[in-house]
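The shown structure was predicted, so the numbers you read here are calculated from the model rather than taken from an experiment. Nothing fancy with the numbering, it's 1 onward along the sequence. When a ligand or atom number is given, it counts from 1 through the structure's own listing order.
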Amino acid sequence: MAELRVKRGKIISQEMTVPGDKSISHRAVMIAALSNGPCLIEGFLPSEDCLSTVEAMRSLGVQIDVVSEAEGLGPTALRVHGRKGKLSCPSEPIDCGNSGTTMRLMSGILAAQSFACELTGDESLLTRPMKRIVEPLSKMGAKINARGSGGECAPLSLNCGELEPVHYLLPVASAQVKSAVLFAGMQTSGKTIVTEPAETRDHTERMLNYFLVKTARNENDVVIWGRQIPESRDFKVPGDISSAAFWVVAAAAQAGSRLLVQDVGLNKTRTGILRVLIRMGAQISEVVDEREQGEPFGALEVKGGDLTGTEVSGDEIPNVIDELPILAVAAALASGETRIRDAHELRVKETDRITAVANNLRAMGVMVQESYDGLRIEGGNRLRGARVPSYGDHRIAMAFAIAGLFADGETVVEGAECIDISYPGFEDTLKKFASSKLADEAKRKTNADAELSESDSDSEGSVGGDDGNGIEKG
Ligand code: S3P
């Protein structure tokens, strides 16, 4: 099992990009596969999760050609040959791997096809709640069965056919469930409405509109009309703000640091992390690029400083749901208390992220209280390097690699291979951060000094230490 070894980092002075957005990459492949012709998808994220979607679509008869690859990482530009809404019966159960997005969104697509099929996945995916998909799709007339634990989990059997439109009130604020119902609704003969209890990421609606499928938004209602086939188009996936979040926190929590992230997605339903960090005292600015292609994107600049604790709760939760592990690390580095509430959904992610974060922060010497739907974190004390498990969860592994940059001694993240689920190349970037920080030492000093004299602040308050800067995989 791969171990990621991280030692204390130094002040960051970096310009970077991050790989393509995971949520958008899944949707781009799915919508292109349903479209009426070839679509070039650039900036595709070649991660294990997104490749599960590519393989699922291939097993359904969709031709997907690799147009270009990033060195050692896999395909980053794909040509997807749309099948005008009609897929072919797969010869085997479709393996969604670790990807909840693949399983839930594909269910919505498959529910209206004219063949029976089965969706399965890895050990973690087979424990995640699927009743939330079964319920709305059954209401639309799909014959869908969760055959796993207590009739609530995958494998899912679908015996598909004609669907009826529905007006569905989401019991949980979930973009995955909303998207599954919209994909199913697009294949009915009428108008489907999904009402969200709180706003969730809107990539499906945006991308459908970009592919000329008509949808509408009316307060909390999202409407889609049936009998629509996406019009084939080319699409460029922006960088993933959820991947950028790790570096953004690393820079924001270190006085004297400066980070510029280019070409990153800046969709408001995903940038909640920036608003929370700004509330904690971080200096972050965004510049949105004018050449929007269905999704806003642009540059993010972060200047490090002292953070203070905050509360994250209520309607803000769906907008930061994937960033809560790294926000919990930011909270440990901030002075004072941070409360995270209303985040019970974290318990049913790739692992129980509330318990995973609490255990790992405690191992690093942080005072944490866990509640059913959140955490109370006492920040501001020095972190202690420790051996921490990833729990097979990519975001836990990356969040604690970043925590290791701020800890005394060495932090070892066990089971770090899961990082490839969403961020192939994370480790190389972590190394580059370290080496370029070393190489940039002199420049950094000059910058930090210049900033010091400009802002008259005290950079000695930063967590930067001198006991090495190594990152190794063991
Ligand atoms: C996603 C939605 C979120 C998020 C997941 C990706 C998506 O899940 O946690 O990583 O692409 O729609 P929920 O919809 O279950 O909240």
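- Counting heavy atoms closer than 4.0 Å to ligand 1, residue His203 contributes nothing at all.
- For the side-chain contact (heavy atoms from CB on, under 4.5 Å) criterion with Arg353, the lone passing option out of Asp322, Leu375, Leu324 is Asp322.
- Taking any N or O of Val177, backbone or side chain, none lies under 3.5 Å from an N or O belonging to ligand 1.
- The residue among Glu345, Gln176, Lys349, Arg395 with a heavy atom at the shortest distance from atom 16 (O) of ligand 1 is Lys349.
- Between the choices Ile317, Asp202, Thr200, Asp322, the shortest heavy-atom distance to atom 10 (O) of ligand 1 belongs to Asp322.
- Scanning both residues, Val237 and Ser25, for their nearest heavy atoms gives CG1-OG, 3.7 Å.
- Per-residue contacts place Arg27 under 4.0 angstrom from the following atoms of ligand 1 (heavy atoms of the residue considered): 7 (C), 11 (O), 12 (O).
- Heavy-atom contacts of Ile321 reach the following atoms of ligand 1: 9 (O) (cutoff under 4.0 Å).
- Using a 4.0 Å cut-off between a side-chain N of Lys or Arg and a carboxylate O of Asp or Glu, Arg270 and Glu295 do not qualify as a salt bridge.
- With rounding to the nearest 0.5 angstrom, the CD atom of Gln262 is 10.5 Å from the CZ atom of Phe297.
- Checked options Arg279, Arg341, Arg339; the residue passing with Glu311 is Arg341 (criterion: salt bridge (Lys or Arg N to Asp or Glu O under 4.0 Å)).
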